[in-house]
Novice: 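Attaching a single structure in structure tokens format; questions to follow.
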Amino acid sequence: MKESPAPHIPARRGLLAISPILVFLFFYLAVSVIIGDFYKMPIAVALLLGSAWAVVIMHGKPLSERVEIFSRDAGSSNVMYMVWIFILAGAFAALAREIGAIEATVHLALRFLPVEMLIPGLFAAACFISLAIGTSVGTVVALTPLAVELAQSESGNVPFFVAVVLGGAFFGDNLSFISDTTIAATRTQGCRMRDKFRVNLWIALPAAVASLILYVILGVRLPDMASLSGSNPLLVAPYMLIILLALAGLNVTVVLSIGIVAAIILGLCTGHDIISLFGFMGRGIDSVGQLIIITLLAAGMLGLIKAAGGIDYILQVLTRRIRGPRGAQAGIALVVGLVNLCTANNTVAIITVGQLASSLSKRFGVDPRKAASLLDTSSCIVQSLIPYGAQTLLATSLASISPVATWPYLYYPWALAVFLILSVVFRFPRLATISPPVSTNDNTNP
């Protein structure tokens, strides 16, 4: 059955609907830039102001219904799933740190890896793990504590090391066959995962190689690290278990739960009492409290924006002036990026824009494989750069740094943006050598 077109949204109503995200960005980004300190303006306060504004401007509904919309989206199953991940990640990170697992892993890495290869090695590990497990969140959970410990041992820049992990995590997530963004992009565009992977390689691989070369150059400039005292190699077990189970494809909540149990057992074996271990876990859970609050506020505010027609207005405006294939490709990339900006979830953004992207592709002759690649890549870029994305919030929370502290060092997302633009302007890759797209619903087979 043909779906009826979305109703026209007047400009005044549409601009008002998306104004909460502008209020948030003003109070967080603009104020922080003006005062020259991103630590002064709490992101939770900026989101609270944006959320309050979203409630106030939503006309035609009683206050109780507006609050209900906010609460429903803030408490959705996807958000609660992320909250569980945050809680388990906080508990495991604190346990691993207190029993010495992270420090032992750093010592082991430094024994076999030259100091100048630490940064490229960390980036390559993040790329491989995220490609294997299909989730940037799981990669962030696995590698961020190690990156922080490496930075502190080397007396280096913690935000820089965390940004290296984030870049590699998004590289693999963008390409993985089992990533939810890949599944969403290929299903909405009717193409095979392996073909979307091949198209993505032309954009993501050059960006990753350029980033890796830069990390090698920067790695050579690092000062020699002071010699480190030895540590118990058995303490590496919980941390390595987390990585191995993630690579095996287990759900990230299961992986973290097993890691916590392993860390408790090892802690008991190395002289810690159970109450102390529970205390470590409690402090770890407390440390992600602000992260959970930020996540709930962002989800609720973005739910009100969508209910007020903000997402539909963005789609309406950005698709109005498209004329040819290049314009259609640019439109697909821009629309999914802006929707991602308003939803802070790249999978949701792809699903929201998927049908529109498919229509544009058919109308202007854009190959479905390229459309799927544009959806996944553009949403990945925006998701990695916004300070309220789940991956950035989790990584910076685990590292105890500002959500925008990694911005100056996110080389891979910016390189990816450059190659995405080049792929649209010069319309590469040429798709004649790739097997033709499919129209079946069975897109799960790579």
Side-chain angles (χ1 to χ4, degrees), residues 44 75 77-106 126 129-130 133 135-152 158 161-162 165-166 169 231-232 234-296 299 389-401 403:
S77 58
N78 287 333
V79 174
M80 289 298 103
Y81 179 69
M82 291 306 305
V83 167
W84 273 113
I85 293 175
F86 296 157
I87 291 172
L88 293 172
F92 175 76
L95 268 176
R97 181 176 61 251
E98 296 297 337
I99 69 173
I102 296 175
E103 183 180 358
T105 305
V106 171
I129 291 175
S130 57
I133 67 178
T135 166
S136 50
V137 172
T139 306
V140 166
V141 168
L143 289 184
T144 298
L146 176 60
V148 173
E149 191 69 22
L150 283 170
Q152 292 173 345
V158 172
F161 277 74
V162 173
V165 171
L166 281 171
S231 60
N232 184 355
L234 289 177
L235 293 174
V236 176
Y239 188 69
M240 298 306 296
L241 182 63
I242 282 282
I243 295 178
L244 292 174
L245 290 176
L247 288 173
L250 269 68
N251 182 282
V252 66
T253 57
V254 176
V255 169
L256 286 169
S257 299
I258 294 174
I260 289 171
V261 172
I264 290 175
I265 293 173
L266 191 57
L268 292 173
C269 294
T270 53
H272 296 278
D273 62 85
I274 189 66
I275 298 301
S276 297
L277 295 173
F278 286 162
F280 300 152
M281 291 176 60
R283 287 195 289 273
I285 294 172
D286 290 342
S287 70
V288 297
Q290 183 182 19
L291 172 60
I292 293 172
I293 291 171
I294 290 171
T295 302
L296 296 176
Q391 297 86 345
T392 298
L393 287 174
L394 179 57
T396 54
S397 175
L398 292 173
S400 300
I401 58 177

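One is the number of the first residue; the rest follow in order along the sequence. All values below were derived from every heavy atom in this structure, side-chain atoms included, with hydrogens, water molecules and symmetry-related copies excluded.
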Novice: If you take all heavy atoms of Ser136 and Gln391, which pair is closest and at what distance?
Specialist: OG-NE2, 3.0 Å
Novice: Quick check: closest heavy atoms across Ala89 and Leu394, and the distance to 0.1 Å?
Specialist: CB-CD1, 4.2 Å
Novice: Working to the nearest 0.5 Å, report the span between CD1 of Ile292 and CD1 of Ile85.
Specialist: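 It comes to 11.5 Å.
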Novice: If you measure from CG on Leu95 to CZ on Phe278, what distance do you get to the nearest 0.5 Å?
Specialist: 9.5 Å
Novice: Using every non-hydrogen atom in the two residues, find where Ala147 and Val165 come nearest and quote the distance to one decimal.
Specialist: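 Where Ala147 meets Val165 most closely, the heavy atoms are CB-CG2, 3.6 Å.
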Novice: Can you tell me how far apart CG (Leu266) and CG (Leu241) are? Round to the nearest 0.5 Å.
Specialist: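 It comes to 11.0 Å.
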Novice: State, to 0.1 Å, how close Leu398 and Val140 come at their nearest heavy-atom pair, and which atoms those are.
Specialist: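 Here Leu398 and Val140 meet closest at CD1-O, 4.3 Å.
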Novice: Hey, could you give me the CD1/OG distance between Ile99 and Ser276, rounded to the nearest 0.5 Å?
Specialist: 12.5 Å
Novice: Counting C-beta onward and ignoring hydrogens, is there a side-chain heavy-atom pair between Leu88 and Met281 closer than 4.5 Å?
Specialist: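 In short, these two side chains do not touch, never coming nearer than 4.5 Å.
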Novice: Compare all side-chain heavy atoms of Phe92 with those of Pro238 and state whether any distance is below 4.5 angstrom.
Specialist: yes
Novice: Given Thr295 and Met80, is the side-chain contact (heavy atoms from CB on, under 4.5 Å) satisfied, shown in steps?
Specialist: CA-CA 9 Å; Thr295 302; Met80 289 298 103; over 6 Å; no
Novice: Any sub-3.5 Å donor-acceptor pair from Thr144's side-chain atoms to Val141's backbone N or O?
Specialist: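 Between the backbone of Val141 and the side chain of Thr144 there is no qualifying donor-acceptor contact (under 3.5 Å).
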Novice: Taking Ser287 for the side chain and Gly284 for the main chain, is one N or O donor matched with an acceptor at less than 3.5 Å?
Specialist: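 Indeed, once roles are kept as given, a pair shorter than 3.5 Å links the two residues.
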Novice: I'd like to check Thr253 versus Tyr81 (side-chain heavy atoms, cut-off strictly below 4.5 Å). Are they in contact?
Specialist: yes
Novice: Between atom CG of Leu268 and atom CD1 of Ile274, what is the distance when rounded to the nearest 0.5 Å?
Specialist: 5.0 Å
Novice: If you look at every heavy atom in Val162 and Ala399, which pair is closest and at what distance?
Specialist: CG2-CB, 3.7 Å
Novice: Please report the interatomic distance CD1(Ile401) to OG1(Thr392), rounded to the nearest 0.5 Å.
Specialist: 9.5 Å
Novice: Identify the two heavy atoms, one from Thr139 and one from Ala126, that lie closest to each other, and give their separation to 0.1 Å.
Specialist: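 Reported closest heavy-atom pair: CG2-O, 3.6 Å.
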